[in-house]
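Below, all heavy atoms of this structure are taken into account, side chains as well, without hydrogens, waters or symmetry copies. Numbers here simply count residues along the sequence, with the first being 1.
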Amino acid sequence: MVTTTGTVDGGAGVDGVPAQRGAGLDPRVVVEGVGRVRDLRGSAVRGPQRLGWPAGDIVVVSGLPGGGKSTLIKRAAEGGGIDSQDARERWERRMPAALPYAAYRPLVRATHYLGLWRKLSSGDSVVVHDCGTQSWVRGLLASVARRRGASLHLLLLDTTAEEALSGQAARGRRVSAYAFARHRGAVRRLLREAEAGRPPAGCASATLLDRRSAAAVTSIAFHG
């Protein structure tokens with residue numbers, strides 16, 4: 001079901017029909033995509049965009065490192081979402097500056113997944129940061145959503161490698177060439193599925209954003 005308070009031109013891929021790029025978005029649109037792909041890349045954004053899903057559902061935000069996932073979640077998600085970057089920053093403040101991130105990465109991941117599990121156990125709706133390379137994370141989230149009678153949705157940021165590398169430079173934190181290549185491969189696979197009109201396995205819907213349309217999103221919320 002897609003509920004809007006305005007009109008949306010294009011952007012839907014249903015039953016195997018490839019998703020089409022939005023030709024123009026009403027600034028009041030609320031997207032509640034279930035069983036479909038909505039492609040908002042290249043949209044002629046005319047104002048703030050609100051993205052919404054049914055209460056109790058889970059939204060996972062994926063994309064390249066430096067592509068704007070954390071920025072989008074912090075700016076728009078109800079309650080700030082669950083972002084692994086928050087766990088990393090908390091541990092960084094406690095570690096010696098000279099200690100490489102790889103040395104305490106397991107602590108960061110354990111903290112992130114523990115916080116995520118606590119949130120999921122509450123039964124609340126949640127927006128989750130996901131790098132996209134770990135398919136088992138989406139599988140776990142989909143399983144949790146099914147058990148609570150809800151759905152998992154993918155919100156995918158499609159940015160170029162240059163945009164992502166620029167974002168990494170701006171935050172002063174780069175990933176290795178090997179890790180970046182893995183991320184690019186994972187995002188390409190997710191994009192291929194979505195552009196063919198199929199949400200990735202376990203996801204009830206997928207919404208695609210580029211840099212411009214992501215910058216216009218002011219609210220990621222749950223309703224009903």
Side-chain angles (χ1 to χ4, degrees), residues 21 39-43 45 49 51 59-77 79-116 126-138 141 153-195 200 203 206-220:
R21 297 195 179 210
D39 191 344
L40 304 184
R41 298 171 301 174
S43 302
V45 178
Q49 306 298 309
L51 305 184
V59 173
V60 59
V61 182
S62 293
L64 292 175
K69 299 185 297 298
S70 293
T71 299
L72 176 61
I73 291 172
K74 284 180 171 62
R75 184 183 71 245
I82 301 293
D83 191 343
S84 58
Q85 187 63 33
D86 294 335
R88 176 171 178 170
E89 290 174 357
R90 289 199 300 273
W91 277 106
E92 280 182 342
R93 290 192 291 268
R94 300 167 61 180
M95 295 295 174
L99 187 67
Y101 172 60
Y104 57 94
R105 183 189 292 122
L107 292 173
V108 171
R109 290 183 174 173
T111 301
H112 170 61
Y113 289 122
L114 179 60
L116 173 58
V126 62
V127 178
V128 186
H129 176 291
D130 175 53
C131 65
T133 59
Q134 306 291 337
S135 59
W136 68 266
V137 175
R138 289 192 307 278
L141 294 173
H153 306 276
L154 175 69
L155 184 56
L156 183 60
L157 275 62
D158 178 15
T159 55
T160 66
E162 291 74 19
E163 289 171 333
L165 291 171
S166 176
Q168 292 177 40
R171 71 187 185 189
R173 187 181 293 120
R174 293 182 180 274
V175 302
S176 68
Y178 169 76
F180 192 65
R182 287 186 63 224
H183 285 287
R184 290 186 72 182
V187 171
R188 284 195 193 104
R189 288 190 291 273
L190 291 173
L191 280 171
R192 279 199 299 268
E193 291 182 81
E195 288 173 342
C203 296
T207 301
L208 306 183
L209 300 174
D210 56 16
R211 199 80 165 183
R212 184 182 178 191
S213 55
V217 174
T218 60
S219 174
I220 301 173

Of all heavy-atom pairs between S70 and Q85, which one has the smallest distance, and what is that distance?
OG-CB, 3.6 Å
Quick one: closest heavy-atom pair of P65 and A164, and the distance?
O-CB, 3.3 Å
Inter- and intrachain pairs under salt bridge (Lys or Arg N to Asp or Glu O under 4.0 Å), touching residues 105-114, at least two apart
none
Say you draw a straight line from CG of L156 to CG of L64; how long is it, rounded to the nearest 0.5 Å?
8.5 Å
Can you sort out the partners of S84 under side chain to side chain donor-acceptor pair (under 3.5 Å), two or more places apart, ordered by chain and number?
H129
What are the two closest non-hydrogen atoms of P106 and A102, and how far apart are they?
CD-O, 3.9 Å
Does any part of the side chain of D130, heavy atoms only, come nearer than 4.5 Å to the side chain of L154, both counted from C-beta?
no
Could you tell me the separation between the CG atom of L208 and the CG atom of L190, rounded to the nearest 0.5 Å?
9.5 Å
Between R41 and D39, does any side-chain N to carboxylate O distance fall below 4.0 Å?
yes
Please tell me if the side chains of Q168 and V175 come closer than 4.5 Å, counting only heavy atoms from C-beta onward.
yes
Sequence neighbours excluded, every pair satisfying ring-ring contact (aromatic ring centres under 6.0 Å, His included) that has a member inside residues 82-113
Y101-Y104, Y113-W136
Donor-acceptor contact present, side-chain T111 to main-chain L107, <3.5 Å:
yes
Side chain to side chain contact (heavy atoms under 4.5 Å, CB included) partner of L51, the single match among V127, V59, L40
L40
Residue set satisfying salt bridge (charged side-chain N to carboxylate O under 4.0 Å, His left out) with E89, at least two apart, ordered chain then number -> none
Between Q49 (side chain) and S213 (backbone), is there a donor-acceptor pair under 3.5 Å?
no
Which atom pair, heavy atoms only, marks the closest approach of L72 to A214?
CD1-O, 3.8 Å
Output for pair (D158 CG, L191 CG), nearest 0.5 Å, gives 4.5 Å
Of all heavy-atom pairs between G67 and T159, which one has the smallest distance, and what is that distance?
O-CG2, 3.5 Å
Does anything in residues 181-192 form a side-chain hydrogen bond (donor to acceptor under 3.5 Å, both in side chains)? List the pairs, not counting sequence neighbours.
none
Write down the atom of G68, the atom of R211, and the distance for their closest heavy-atom approach.
N-NH1, 4.2 Å
With sequence neighbours excluded, give me every salt bridge (Lys or Arg N to Asp or Glu O under 4.0 Å) pair touching residues 66-76.
K74-D83, K74-D86
